[in-house]
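Heads up, the thing below is written out as structure tokens.
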Amino acid sequence: MAGAITLERILALQAAYIRCIDSNELEAWPDFFADRCLYVVTSAENHKAGYEGGIIYADTKGMLIDRVAALRQANVYEKQSYRHIVGLPNVTKNGGDSAESETPFMVVRIMHDGGSSIFATGVYLDTYRASGDDLKLEKRVAVCDSSRVDTLLALPL
Amino acid sequence: MAGAITLERILALQAAYIRCIDSNELEAWPDFFADRCLYVVTSAENHKAGYEGGIIYADTKGMLIDRVAALRQANVYEKQSYRHIVGLPNVTKNGGDSAESETPFMVVRIMHDGGSSIFATGVYLDTYRASGDDLKLEKRVAVCDSSRVDTLLALPL
Amino acid sequence: MAGAITLERILALQAAYIRCIDSNELEAWPDFFADRCLYVVTSAENHKAGYEGGIIYADTKGMLIDRVAALRQANVYEKQSYRHIVGLPNVTKNGGDSAESETPFMVVRIMHDGGSSIFATGVYLDTYRASGDDLKLEKRVAVCDSSRVDTLLALPL
């Protein structure tokens, strides 16, 4: 069945998403999302407390496109270097043309002097929507373990 | 064949195991193991030297359940935050209803001030047992790269 | 079709490659490559600038074998401990008996005092060649995010 959301398709989407950001192809980033989507970056503390908002909150694809434009204008992203590593997705729901998964992530920041440090860790809470061969994120909540995440604004998670 | 241990099933178990711990759902952790099981946390140095014991040694599921109770009573786990990332499992044996794999892992510790550091790295030496659709760990030896792992007692690996 | 390069085969090769190095079974490392192969370690800066050379450059399997011999003679590798974690491969091309992928990696270095730090991060740009059930690397370019990678000479990436 073409529309079934296999683990392989989820792995492929997660890998391609990360590559898009770390290759600095940010303009392609909004296309990982469905037209009707929700993208939130928040902290574990706020998420646990049930706050719906976050450090970043976008509930239309247009807001994601605007965000890339803002990052390009601020020009901060290109001055810094990051590397995302995602772990194995844990598929918590899967039925019909929709699925959910939780995927741990880590972002390493590479300094100008060549040193590296852990920039952020957390978990992606994702909802997928399949339409034929097309798999999109309908919802991504990036829950950061640390509450010190203001500088995260420099790149998408 | 329902009982075949596919890579997909191994990926799913590894992802669910990690999620269980990092979501602080420790009471569900012993269920990843078969009733007759072995769980050991040791250092690379001791493992290489052939010592069978370890920092943690449990050879019944009941000992795992006891361990969770002790962690809850000590209440240490909840005061700290950890993030596991597992790499890709390397399946070294697979036949019938049993399989073995080696999976690298990393644990990041998130401090109260928001900073993060590498808490532990190592490799999971796992033996799986399948019973129908059910896949369990018959044996997990978590070999930590560093010999400085006493504080590991605060959470399962 | 026996020769098809499935995601599962790519995952298996990536996992086995990493295990070979971290288990210090370096003599088996050249066998992950095809007889006609290219292995390059370079920096993101140099790669972006289009420089074909690198910190390490080997265009025959014999050079890889020589490299292992040199590492063994220098005896540096065994004094240090490293742990590779690879993320999910992003398969960018796949057709017939050849495929390409980009796979993020991180290497952690474990110090003698027990502390750990990030040694290197980057991405593997790989070309695979399948011959029946046999899958080999025809080309691996390990692009390191940091330009400070001279000490990388101590182990293969």
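When heavy atoms are compared at a cutoff of 4.5 Å, A/L11 approaches chain C by way of both its backbone and its side chain. For chain C, no part of A/L13 is nearby; none of its heavy atoms comes within less than 4.5 Å.
The local environment of CD in A/E45 is sparse, with at most 12 non-hydrogen atoms from other residues, nucleotides or ligands closer than 6.0 Å. Taking a 6.0 Å sphere around OH of C/Y51, one finds it holds 12 or fewer heavy atoms contributed by other residues, nucleotides or ligands. Heavy atoms of other residues, nucleotides or ligands lying less than 6.0 angstrom from NZ of C/K136 number more than 12.
When side chains are defined from C-beta on, C/T92 counts as touching A/R19, because their heavy atoms get closer than 4.5 Å. Contact of the A/M106 side chain with the C/M106 side chain is registered, since non-hydrogen atoms from C-beta on lie closer than 4.5 Å. Side-chain contact check for A/V86 versus C/L88: some heavy-atom pair is nearer than 4.5 Å. Within the 4.5 Å cutoff, side-chain heavy atoms of A/R83 are placed close to those of C/V123.
Closest non-hydrogen pair, A/I85 versus C/G87, comes out as CG2-CA, 4.2 Å. What you find for A/A12 and C/N90 is that their closest heavy atoms are O-OD1, 4.1 Å. Contact record, A/A15 with C/P89: CB-O, 3.4 Å, taken as the closest heavy-atom pair. Closest heavy-atom contact between A/S116 and C/I118: CB-CG2, 3.8 Å.
Here CD1 of A/I110 is found 12.0 Å from OG of C/S43. Values are rounded to the nearest 0.5 Å.
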